[in-house]
Amino acid sequence: MIVDFCGLRLRSPVINGSGTFDAIAARRTFGDELLERFPFSAFVSKTVTLEPRQGNPPPRLWESPAGLINSIGLPNKGLRGYLQEDLPALADLPVPLIVNVMGFTRDEVAVLVQAFGTRDEVAALELNVSCPNVESGMVMGADPAETAALVRRVRPLTGKPLIVKLTPSAPDPAAVAAAAREAGADAVSLINTLRGMALAPATGRPWLGGVTGGLSGPAIRPIALAQVAQVASRVDLPIVGMGGVQSGRDALDLLESGASLVAVGTESFRDPAAGERIEAELEEAGRRRPVSPPRTAGTTVQAVTGSAKSPANRTKGDGSGQRAYT
Ligand code: RRO
């Protein structure tokens, strides 16, 4: 299932959703076995901001009947700490590294894109314009014009692929995707979480320290499917589809709806090896129900050639947009 995504050659279409798999902690826990059997074909980092952040006060998680509400609040070491401590560790991973960045102003994002966009360890950048857990409550990616202005500002700063992570809360996510494309984005990823809330049973007061949080997991899968299909039908850009993927069938559904890659998120909290399982299930499901040719240029999925365990190589794709799923 070799995939060519924006010039990155990946062993399969299955990657992780930002912030849902801590590769550095997993390396400490599983040792070199993690490198030999890395569960995803590319690794997407947790969001990095310019300055270090503590994140939101606890509690930060609430399990709902079919999902998870998080109010993590972007804890991270900031650009400097990330470059010094995390980037060298992540450069050891056997798959391409996609760094997810977020800023509170366009200038902040520009500094981050410039810094990561010139590093050999980084294969691509994901612009997070969709975090639901910031104090201002403002989400840049809800507005097509704001999103376009951001992409236009940072596009000249790197030759690496720029993926824009969309919010499901935009009135018209396809309009935001179209604006991102016009401004020079190479791909979009969707969906981020949906704002939700839970009350503590004992007090009737909000459970989460951040009061509200982002809902993920199977509860949002139908929304993801609908939004991916809508963006795919209106915008000619490769899509990373995500939202409640738990099985190869779920992944296949997103691919059939127009995604070129699929990201596994909440399921990795339950099973850190979920990516590997879903990759195997997808291969099997794809044999039974082949994916129709894509409507999107810039992505190629080829027949299985060789071991799924072999490290992904980075090569430029031919952008032919042909896809055969066998
Ligand atoms: O850190 C978070 O609270 C968070 C982020 Br950056 C995001 O993009 N989506 C989410 O559900 N939580």
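Whatever order the structure lists ligands and atoms in, that order sets their numbers, starting from 1.
- Paired with Arg11 under the rule salt bridge (charged side-chain N to carboxylate O under 4.0 Å, His left out), one option of Glu283, Glu279, Glu276 passes, and it is Glu279.
- Protein residues having at least one heavy atom under 4.0 Å from any atom of ligand 1 are Lys46, Thr47, Asn70, Ile72, Gly73, Leu74, Asn128, Cys131, Pro132, Asn133, Asn192, Thr193, listed by chain and number.
- A salt bridge is defined here as a Lys NZ or Arg NE, NH1 or NH2 lying under 4.0 Å from an Asp or Glu carboxylate O, and Arg27 with Asp92 meets this definition.
- Applying the ring-ring contact (aromatic ring centres under 6.0 Å, His included) rule to pairs touching residues 67-93 yields Tyr82-Phe116, sequence neighbours excluded.
- For the side chain to side chain contact (heavy atoms under 4.5 Å, CB included) criterion with Asn128, the lone passing option out of Thr47, Val164, Val48 is Thr47.
- Val99 and Ile24 end up in the same hydrophobic cluster when Ile, Leu, Val, Met, Phe, Trp and Tyr side chains are linked at under 4.5 Å.
- For Glu33, the CD atom sits in a loose shell: 12 or fewer heavy atoms of surrounding residues, nucleotides or ligands are nearer than 6.0 Å.
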